[in-house]
Amino acid sequence: MSGSLLVAGTTSDAGKSVVTAGICRWLARQGVRVAPFKAQNMSLNSFVTADGAEIGRAQAMQAQAARVEPEAAMNPVLLKPGADGRSQVVLLGKAVAEVGALDYRERKPVLLERALECLADLRSRYEVVVCEGAGSPAEINLRDRDIANMGLATAAKLPVVVVGDIDRGGVFAAMYGTLALLSAEDQALVAGWFVNKFRGDARLLAPGLEMLRELTGRPVLGTLPMLSGLWLDAEDSLDLTTVVDRGSVRGPVGADVLRVAVVRFPRLSNFTDLDALAQEPGVLVRWATRAEELADADLVVLPGTRATVADLAWLRERGLEPVLKARAAAGRPVLGVCGGYQMLGQVIEDQVESKAGTVEGLGLLPTRVLFGREKVLARPVGEAFGERVEGYEIHHGVVTVEGGEPFLDGCRVGSVRGTTWHGALENDGFRRALLREVAEQAGRAFVPAPDTSFAAAREERLDRLGDLIEEHADTDALWKLIEGGAPAHLPFVPPGAPRATETDR
Ligand SMILES: NC(=O)CC[C@H](N)C(=O)O
């Protein structure tokens, strides 16, 4: 088999990432060598590949669904929005520039070239490449410079399926409108629909699907049920609540639960770190933005952030500083990860990210931070509590440790711990040992379950996505589309794309 497909969506969060991952897993199970691809991502949730390239976590997750190693070509452009309205542009895994939206627009023709090269490269090495679009393909103001949706599809002649979220309502209008606002050339590639997050009665839905097919000349290729607890490396913060929403996990093993409050920074990054905690039976993870919300927490986590100094200022404005200091003084646990770890130190010297110069830290750890122009991207391996720990690093700030006890690459003083490593909590033995120590310091009779496997839980979720496609999509039609491209003579639905006016250009 060989071919390709672009999965677009009527809105952000319609389920493109999940459908893409599901198709990858379904194909991998059929023995197809498949790779995911997303030309351009806007996300603060990123991952480091084995060769030190930074890509969106969603593509790393999809690569896992495809059972292949994630690589830079799978997500050539990653945009990481900062506190100043500008974004860092990560091109082929390396940060190359900080730009505003208008400068970025100027760069897009070049970026499209790069994206097409990467796609061609993947297509030469894999049998199938499943591409994910970004946002909606019908952003009529952005179409002329689009590199992730129809701009990519037309340049690479990809058949397109459009995913709509029926849970929000308005799915038929969204689908019809998406098609009708595309040019005839673009419409010729849109070959079918996926209705996602369905939880109604299929008999009631059926006539609507038929009407949609008649109105658009394109079939619904799948109606996918709403799955709960299936959160997998979301790109943006739209569904952050679901990161910690684990309604179905088992209850605590010991007598007590462990309450974890995660400070929800405005520029929170790498929130996947919390996924491993939330999966532990008896660990209750919730977001916190107010001082009161930290009061009854057994552990407070300061997670990673794209804007350390700005988010530290936010933390102070919110009145969290005295609460954190009182906690530390009382020997109650605090864990800082990357940006959160940087805040815990004595002083932050930053002429790079915030350009604020010298900023006083929270003073809870004996560390100093110096921001460097070069971003550190690494996949460190170490040991803590006698357990092997693998992590990944993505940061400009470099921490110098001047005391305390070692804790991974960072340090610990009493109940306050910090590390630059993301992903450490995904290591089962380490996570359990840390939770045991935290419970002891917090005075809780909490016992971590002996058998929670983060990797197995992820695999199970990816399998459920594969099942979703296998059981609820027309896989024969999908297979044909991937191999044969969009069928000829798909009808044009008026009015088509409006003409851009001179002032728009
Ligand atoms: N991953 C992070 O938390 C990054 C921290 C900080 N923004 C830095 O770049 O150094």
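In each ligand, atom 1 is the first atom listed, and ligand 1 is the first ligand listed.
A salt bridge does not link Lys355 to Asp84: none of the charged nitrogens lies less than 4.0 Å from a carboxylate oxygen. No salt bridge links Arg267 with Asp311; every basic N to acidic carboxylate O contact stays at or beyond 4.0 Å.
Atoms of ligand 1 found under 4.0 Å from any heavy atom of Gly339, numbered from 1 in the order shown, are 2 (C), 3 (O), 5 (C). Proximity to Gly304 (heavy-atom distance under 4.0 Å) selects the following atoms of ligand 1: 3 (O). Heavy-atom proximity to Thr308, at under 4.0 Å, picks out these atoms of ligand 1: 5 (C), 6 (C), 7 (N). Listed by number with element, the atoms of ligand 1 under 4.0 angstrom from any heavy atom of Arg306 are 7 (N). The Gly397 neighbourhood of ligand 1 comprises atoms 8 (C), 10 (O), with distances under 4.0 Å to a heavy atom of that residue.
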For this session: Take Glu353 and Lys375 through the salt bridge (charged side-chain N to carboxylate O under 4.0 Å, His left out) test and state the conclusion after the steps.
Result: CA-CA 11 Å; Glu353 192 174 85; Lys375 190 188 276 196; over 6 Å; no
Problem set entry | CA sep, side-chain torsions, deciding dist, call: Val263, Val300, side-chain contact (heavy atoms from CB on, under 4.5 Å) | CA-CA 7 Å; Val263 176; Val300 171; 4.0 Å; yes
For this session: Given side-chain hydrogen bond (donor to acceptor under 3.5 Å, both in side chains), test Glu387 with Asn427 step by step and report yes or no.
Result: CA-CA 9 Å; Glu387 302 280 350; Asn427 298 270; over 6 Å; no
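Heavy atoms of Glu353 found under 4.0 angstrom from ligand 1 belong exclusively to the side chain. Of the heavy atoms in Pro303, none comes closer than 4.0 Å to ligand 1.
Aromatic ring pairs are classed by plane angle as parallel below 30°, tilted from 30° to 60° and perpendicular above 60°; the pair Phe385 and Phe407 is perpendicular.
Considering each of Thr305, Leu302, Asp273, the one bringing a non-hydrogen atom nearest atom 4 (C) of ligand 1 is Thr305.
Where the criterion is an N or O separation shorter than 3.5 Å, residue side chain and backbone included, Phe371 fails it with respect to ligand 1.
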